[in-house]
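Taking it in order: structure first as structure tokens, then the write-up.
Start at 1 and go down the list; that is how both ligands and their atoms are numbered.
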Amino acid sequence: MAAVIIDGKAVSESIREKLKVRVSALGEKGIVPCLAVILVGDDPASLSYVTAKERALSLAGMESRDYRLPKDTTEAALLSLIDELNNHERVHGILVQLPLPKHIDQQKIICAVVPTKDVDGFHPVSVGSMVLGRSGFLPCTPMGVITLLREYRIAVSGSHTVIVGRSNIVGKPLANLLIRQDANATVTICHTSTKDLSHHTLEADILIAAAGKPSLIRPEMVKEGAAVIDVGVNRVGDPSAKNGYRLCGDVDPAVSQKAGYITPVPGGVGPMTIAMLLQNVVEAAENRYNG
Ligand code: NAP
């Protein structure tokens, strides 16, 4: 039987609708949640991500301040802009679109954003708070995945969840969130040195692919009825497409004939990442108001 398609677009729209109520409550106090969005360089994928984020902010009645910087921007100039935004009264969140050009130390930039405005949840203080289960901003893509699992009432507690990918922005934080006592999954993390990937993926009640490799996960690697979450967003050449490429995930579409649940790409995890970002910006603005 074909899998239930997890509609991330619909879930994200409902979250965004609910956020409008909080945005309007802030508006009554004279506060407009505001995110500073910094993009260095002209990478087309990064540009399309920041444009989508800015559009979503505007639709939700929030403000975005856009900083488009040339690719030869120095690390010092970027640090100075972040310092200015850290101290800016009307800016509640700061997003530096990654990856940054190679001459800029990414970790140094992430550490420069004050944790109270770190709506991406990448600062070491935010990461530490997440691991310890203390308050702080949670990273958007992992929270988007967890929210989808909750919305579709997929049994996470007691599940064996296998994550393919161990990046700092997806795999590692997701594993941490899933082993917390409010999720209670048993988690296996796979990476490029994992021997016999299929052996692990076949054990998964919930399989999360976050490798950035088109069609890495094929039907024979998936347990019948498993919930499959595809985080991957890959551009593959397609001469029939208007812009010469199409987007695909890390999961072969044929997996939908074997899985119990599956997220599409696009329309699965991607819109959830944006919804979680908006949620964090609203929370940052509320935190500021509440002192
Ligand atoms: P990343 O930093 O490149 O990390 C990829 C991870 O996958 C690494 O840990 C790598 O292992 C592992 N991996 C790669 N090929 C593998 C293979 N053949 N077998 C097992 N493990 C493998 O990527 P990322 O930033 O986490 O992003 C992953 C994907 O998610 C990308 O397609 C990205 O575009 C997408 N993404 C989507 C969203 C969204 O909102 N939907 C947000 C963020 C990222 P090693 O550590 O051993 O190299």
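For ligand 1 and H191, the ligand atoms under 4.0 Å from any heavy atom of the residue are 11 (O), 20 (C), 21 (N), 47 (O). Within the listing of ligand 1, atoms 32 (O) sit less than 4.0 angstrom from a heavy atom of N234. Under a 4.0 Å criterion applied to the non-hydrogen atoms of V164, ligand 1 contributes the atoms 20 (C), 21 (N). Of all atoms in ligand 1, listed by their number and element, those nearer than 4.0 Å to a heavy atom of A210 are 5 (C), 6 (C), 7 (O), 28 (C).
In terms of modelled atom types and a separation under 3.5 Å, the side chain of D120 and the main chain of F122 share no donor-acceptor contact. For the pair D205 (side chain) and K223 (backbone), a donor-acceptor distance under 3.5 Å is absent. Between the side chain of H123 and the backbone N or O of C111 there is at least one donor-acceptor pair closer than 3.5 Å. Formation of a donor-acceptor pair under 3.5 Å by the S58 side chain with backbone atoms of E54 is not found in this model. For K71 (side chain) and L100 (main-chain N/O), no donor-acceptor pair under 3.5 Å exists by modelled atom type. Of the possible polar contacts, one joining the T201 side chain to the M221 backbone as a donor-acceptor pair under 3.5 Å is found. When atom types are taken as modelled, the side chain of R218 and the backbone of V251 share no donor-acceptor pair closer than 3.5 angstrom. Listed for the D250 side chain is no donor-acceptor partner under 3.5 Å among the backbone atoms of S215. Checking side-chain atoms of R288 against main-chain N and O of E89 turns up a donor-acceptor pair under 3.5 Å.
Given atom 15 (N) of ligand 1, the protein heavy atom at minimum distance is K213 CG, 3.5 Å. The closest protein non-hydrogen atom to atom 48 (O) of ligand 1 is T192 OG1, 3.7 Å. Among all non-hydrogen protein atoms, the one lying nearest atom 41 (N) of ligand 1 is V231 O, 3.4 Å. Scanning the protein heavy atoms around atom 29 (C) of ligand 1, the nearest turns out to be G212 N, 3.6 Å. Protein heavy atom in closest approach to atom 42 (C) of ligand 1: T141 OG1, 3.2 Å. At the top of the distance list for atom 17 (C) of ligand 1, counting protein heavy atoms only, stands L216 CD2, 3.9 Å. When hydrogens are left out, the protein atom nearest atom 44 (C) of ligand 1 is V170 CG2, 4.0 Å; that is the closest non-hydrogen contact. Of all protein heavy atoms, the one closest to atom 25 (O) of ligand 1 is I169 CD1, 3.5 Å.
The N/O atoms of R166, backbone and side chain alike, include one that comes under 3.5 Å of an N/O atom in ligand 1. The distance criterion of under 3.5 Å between nitrogen or oxygen atoms is met by V233 with respect to ligand 1.
For atom 4 (O) of ligand 1, the nearest non-hydrogen atom from the set G171, S167, A209 comes from S167. In this structure, of G270, A211, C140, the residue bringing a heavy atom nearest to atom 5 (C) of ligand 1 is A211. Taking only non-hydrogen atoms, the option from G165, C248, P139 nearest to atom 12 (C) of ligand 1 is G165.
Put simply, no part of T194 is less than 4.0 Å from ligand 1, judged by heavy atoms.
With no hydrogens or angles considered, no side-chain donor-acceptor pair links H200 and T194 at under 3.5 Å. Of the N and O atoms on the side chains of T116 and D118, not one donor lies less than 3.5 Å from an acceptor on the other residue.
Contacts of T273 with ligand 1, taken as heavy-atom pairs under 4.0 Å, involve the side chain alone.
Checked against I208 for a side chain to side chain contact (heavy atoms under 4.5 Å, CB included), the options T263, V231, V164 give a single hit: V231.
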